[in-house]
Amino acid sequence: MSGTMCNLVPPLVPVERLEPMQMPVIDFGKLHQTSKSRSLVIREIATACRDVGCFQVINHGIRKSVMKGALEAASEFFESSPKSKAKFISSDITRPVRYDCSNDGLSKSRSLLKHYAHPLDEWIHFWPQEPPSYREKMGKYAVEIRRVALDILDAIFQSLGLHQAYIREKLEQGMQFLAVNSYPQSTKPGVTVGLAPHSDYGFITLILPSCPGLEVMEHHTKSWKTVLQPSDALHVHVGDHLEVLSNGIFRTLVHRAVLNGETSRVSVASIHGFPMDEKVKSAGELLDEEHPRLYRESSFKDFLDFLLSRRNNNESYIESLRISTI
């Protein structure tokens, strides 16, 4: 990561225009209606996680004003003075708040503010104070999106037949961090990548975008598809640690961001996992002689160590965890 401020747009990577993906849409409200509707929704979530590694959630209960406030806070931060943003620039990826606008192998044309968000009262005083409303608006969203994430994870673990109480306890104490992204408007013909293909480390990532710009890789064809943006829907992605926990039943989602030709774009990604040093391993309930362990155990701390050690290595984190069966 660069240790200096950068206001210039880094080099951009053009890609071909793609067909839209018909992403599964989950009515979150039905998860809490009747036992029958809950069972149906759980099956829908499990199918989406298994087949495509992602889905969209509607009727999630987060107020429009809270979502709008989070996107406003994000935009206002990136529009704030270079001096106010400079204090958060660091090469230390373990810092609780970090700002980056460098042109590395992943960020092709992106500014990023990343900060821890749970427990909120432990981390919020590290967050930016400019704009003045940032902590209030983003804090409200962090609490609400975590509620939705935990309910989704409960449904996912139930679909796998796992002991939910144990996992829920770990998640209650677990990590949540927000990756707040800013992408410039595309000024070149065609489609331009702003964030290179990658997957996320945690169990799930929930993304709130201001406008379209997300693309996902289909599991079966390995082809890229654009993601449509229903009003007020949240994108949910399977992460590396959910692939590990499920022993490969669910696979992490490879995705990227492209620049919008009509407007600049911001997004808020909320990533959820176990506590920093808590190891995630394939669940014992899913293992037997015919289904051996396929992944090494790892923690968020291990993930950070991996990032520091892979400077000249293109291997992804999930690839480093897979155990060869040959």
Side-chain angles (χ1 to χ4, degrees), residues 6-25 48 52-58 60 62 64 67-79 99-114 138 141 145 177-200 204-218 222-239 252-271:
C6 58
N7 294 311
L8 298 178
V9 176
L12 306 179
V13 181
V15 297
E16 61 179 330
R17 292 192 179 276
L18 305 172
E19 294 296 321
M21 177 185 185
Q22 297 301 316
M23 183 176 288
V25 177
V52 293
C54 59
F55 53 92
Q56 292 174 323
V57 173
I58 60 173
H60 41 69
I62 302 179
K64 291 183 179 181
M67 293 191 293
K68 180 181 178 183
L71 293 174
E72 287 175 346
S75 296
E76 290 168 3
F77 169 80
F78 291 115
E79 293 167 358
Y99 174 66
D100 183 19
C101 56
S102 62
N103 178 25
D104 57 22
L106 185 62
S107 296
K108 302 298 183 183
S109 181
R110 172 184 73 151
S111 296
L112 166 70
L113 176 68
K114 185 174 288 188
M138 199 63 74
Y141 179 74
I145 197 66
F177 69 82
L178 301 182
V180 186
N181 306 286
S182 175
Y183 303 94
Q185 179 179 351
S186 177
T187 58
K188 295 186 176 182
V191 180
T192 304
V193 171
L195 179 61
H198 66 287
S199 61
D200 297 329
I204 58 174
T205 300
L206 286 79
I207 299 178
L208 171 67
S210 63
C211 63
L214 176 67
E215 294 183 351
V216 300
M217 179 181 286
E218 286 192 330
K222 303 299 181 184
S223 61
W224 288 102
K225 298 292 184 180
T226 62
V227 175
L228 302 178
Q229 178 59 41
S231 177
D232 301 324
L234 299 168
H235 302 295
V236 183
H237 296 173
V238 171
T252 193
L253 181 75
V254 177
H255 54 286
R256 66 187 182 187
V258 298
L259 304 190
N260 191 301
E262 299 178 357
T263 183
S264 59
R265 177 176 179 265
V266 295
S267 67
V268 182
S270 184
I271 303 173

Student: Kindly give the heavy-atom pair with the smallest separation between Leu214 and Arg265, and that separation in Å.
Tutor: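 Shortest heavy-atom contact: N-NH2, 3.9 Å.
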Student: Return the CD to OG distance between Gln185 and Ser109, rounded to the nearest 0.5 Å.
Tutor: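 Reported to 0.5 Å precision, the distance equals 11.5 Å.
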Student: If you round to the nearest 0.5 Å, how far is CD1 of Ile207 from CD of Gln56?
Tutor: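 Going from the CD atom of Gln56 to the CD1 atom of Ile207 covers 10.5 Å.
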Student: Taking all non-hydrogen atoms of both residues into account, name the closest pair between Pro184 and Leu259 and its distance.
Tutor: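 That would be O-CD2, 3.7 Å.
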Student: Looking at every non-hydrogen atom in both residues, tell me the closest pair between His255 and Ser199 and how far apart they are.
Tutor: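 The pair with the smallest heavy-atom distance is CE1-CA, 4.1 Å.
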Student: What is the minimum heavy-atom distance between Met67 and Tyr141, and which atoms define it?
Tutor: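 Heavy-atom minimum between the residues: CG-CE1, 4.2 Å.
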Student: Hey, could you give me the OG1/NE2 distance between Thr252 and His237, rounded to the nearest 0.5 Å?
Tutor: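 Output value for this atom pair is 10.0 Å.
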Student: Cut-off 3.5 Å, no hydrogens considered: what does the side-chain donor-acceptor table look like for residues 69-77, sequence neighbours left out?
Tutor:
unit_1, atom_1, unit_2, atom_2, d
Glu72, OE1, Lys137, NZ, 3.1
Ser75, OG, Leu71, O, 3.1

Student: Taking His235 for its side chain and Gln229 for its backbone only, find out whether a donor-acceptor pair lies under 3.5 Å.
Tutor: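 The answer is no, because no donor-acceptor pair under 3.5 Å joins these two groups.
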Student: Taking the side chain from Ser210 and the backbone from Val266, do they hold a donor-acceptor pair closer than 3.5 Å?
Tutor: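 Pair found, side chain donor or acceptor close to backbone of Val266.
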Student: Could you check Val254, Val52, Thr226, Leu253 and say which one makes a side-chain contact (heavy atoms from CB on, under 4.5 Å) with Val216?
Tutor: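 The passing option is Leu253.
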Student: Among Val57, Leu228, Ile58, find the residue that satisfies the side-chain contact (heavy atoms from CB on, under 4.5 Å) test when tested with Val25.
Tutor: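 So the option named by the test is Ile58.
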Student: In Å, rounded to the nearest 0.5 Å, how long is the span from OG of Ser267 to CG of Asn181?
Tutor: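 Ser267 atom OG to Asn181 atom CG measures 4.0 Å (nearest 0.5 Å).
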Student: Evaluate the side-chain contact (heavy atoms from CB on, under 4.5 Å) criterion for residues Leu234 and Ile145: first the C-alpha distance (whole Å), next the side-chain angles of each, then the deciding distance (0.1 Å), finally the verdict.
Tutor: CA-CA 10 Å; Leu234 299 168; Ile145 197 66; 3.6 Å; yes
Student: Can you see which heavy atom on Leu112 is nearest to which on Phe78, and at what distance?
Tutor: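 Shortest heavy-atom contact: N-CE2, 4.1 Å.
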Student: Not counting sequence neighbours, which residues clear ring-ring contact (aromatic ring centres under 6.0 Å, His included) with Phe177? List them please.
Tutor: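 Checked Phe177 against ring-ring contact (aromatic ring centres under 6.0 Å, His included); matches are Tyr201, Phe300.
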Student: Would you find a donor on one side and an acceptor on the other, under 3.5 Å apart, between the side chain of His198 and the backbone of Ala196?
Tutor: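 At least one qualifying donor-acceptor pair exists.
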Student: Quick one: does Arg110's side chain have a donor or acceptor within less than 3.5 Å of a partner on Gly194's backbone?
Tutor: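 Side chain of Arg110 to backbone of Gly194: no pair is present.
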Student: Would you give the length of the straight line joining atom OG of Ser182 to atom OH of Tyr99, rounded to the nearest 0.5 angstrom?
Tutor: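 The OG atom of Ser182 sits 7.5 Å away from the OH atom of Tyr99.
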Student: Looking only at heavy atoms, what is the nearest atom pair of Asn260 and Glu262, with distance?
Tutor: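 Where Asn260 meets Glu262 most closely, the heavy atoms are OD1-N, 2.7 Å.
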